[in-house]
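Quick notes on the structure that follows.
Heads up: numbering here begins at 1 and tracks the sequence.
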Amino acid sequence: MVTGFTRIMLDTSSTDMAGSSLDEVIACPECDALYHARMPEEGARLVCKRCHHVLIAPQKDAYLHVVSLALTTLFLMGGAIYFPFLGISAAGFENKTSVLKTVMAFLDEGFTVALSIFVAAFIIMIPAIRSILVIYVILPLMMGRKPAPYARTAFRVSEDLRPWSMAEIFIIGCAVALVKIVAYGKVEIGPAFWLFIVLVIVTVLQDISMDRWSIWKALERRS
């Protein structure tokens, strides 16, 4: 549980939901339980009674936090793909490479082209696109303005892309591979490796800070 929050268990029944409009209902994304949606006080969070998933958690300056973290993600991504990621030296030979160089190296022919596209999409392009879409949607709301054109579509796309953002899977895979590589030579971890770790942490914090129900409601009210 996040310090400073009050947990409020939601409860309902199929009878209570009868006659409720869609605007008054919220579904738990984990267990599909339905509840009457209501905005809690600042500092409180509404939690599913069945699976304890957080449904609504308004925070002070939440928009500012999310936009700041999204911008941080973009800056970290730029450094993570440009700076050296790993270096290895064995038998008098030494080589250092970055994520960008690795992706470009696979642009040869055959299945390696597809591999290069998938690597670039899942660990670089999709996380960057998600951050750009989040900034596009939330920045006008943060400034108290009318939502940007097609903001609801942009936010929906960013949410659909969330399962395909795999920077954390990439880091875990690299960590597993390092265990085997160290047996063949001296391995040097570059700054981009640590930037990717920070990137994963920032992405998690961004997802935690984002109250999706509140954003959808704000987009509906101001449209």
Whether F196 and F85 hold their rings parallel, tilted or perpendicular, with breakpoints at 30° and 60°: perpendicular
Spacing of OG belonging to S68 relative to CE belonging to M142, to within rounding of 0.5 Å: 7.0 Å
Any side-chain heavy-atom pair of E220 and R152 under 4.5 Å: yes
Closest non-hydrogen atom pair, I189 against W194: CG2-NE1, 3.6 Å
Test item: V99 and F170 side chains (from C-beta on) under 4.5 Å apart, heavy atoms: yes
Cluster link F193 to F75, ILVMFWY, side chain under 4.5 Å: no
Single-linkage hydrophobic cluster, 4.5 Å side-chain cutoff, I172 and I123 together: no
Member of I201, L69, V67, T72 meeting the side-chain contact (heavy atoms from CB on, under 4.5 Å) criterion with Q206: L69
Note: E159-R156 ion pair, threshold 4.0 Å (strictly below): no
Side-chain touch P140/Y63, heavy atoms, less than 4.5 angstrom: no
Single-linkage hydrophobic cluster M143~V66, side-chain heavy atoms < 4.5 angstrom: yes
Heavy-atom pair of closest approach, residues G79 and L195: C-CD1, 3.5 Å
Minimal non-hydrogen separation, L71 against I135, with atom names: CD2-CD1, 3.5 Å
Test: K217 and D211 ion pair at under 4.0 Å: no
Derivation of the side chain to side chain contact (heavy atoms under 4.5 Å, CB included) call for L141 and L219: CA-CA 8 Å; L141 302 180; L219 291 174; 4.0 Å; yes
Interatomic distance, S158 atom OG to I129 atom CD1 [nearest 0.5 angstrom]: 11.0 Å
Spacing of I215 atom CD1 and I138 atom CD1 [to the nearest 0.5 Å]: 3.5 Å
Criterion side chain to side chain contact (heavy atoms under 4.5 Å, CB included) on M77 and T203, from CA distance to verdict: CA-CA 11 Å; M77 182 61 70; T203 301; over 6 Å; no
Exceeds 12 heavy-atom contacts within 6.0 angstrom, atom CZ of F83: no
Residues, nucleotides or ligands: over 12 heavy atoms within 6.0 Å of F122 CZ: yes
Close side-chain approach of F155 and L133, heavy atoms under 4.5 Å: no
Y82 to S98 - nearest heavy-atom pair and separation: O-CB, 3.5 Å
Same apolar cluster (I L V M F W Y, side chains within < 4.5 Å links), W216/Y150: no
Smallest separation among heavy atoms of A151 and P147, with atom names: CB-CB, 4.0 Å
Nearest-0.5 Å distance, CD1 of residue I132 to OG1 of residue T73: 11.0 Å
Ionic contact status for R130 with D160, cut-off 4.0 Å: no
Shortest non-hydrogen separation from A192 to A80 and the atoms involved: CB-O, 3.2 Å
Distance in Å, L76 CG paired with S131 OG, rounded so as to fall on 0.5 Å steps: 9.5 Å
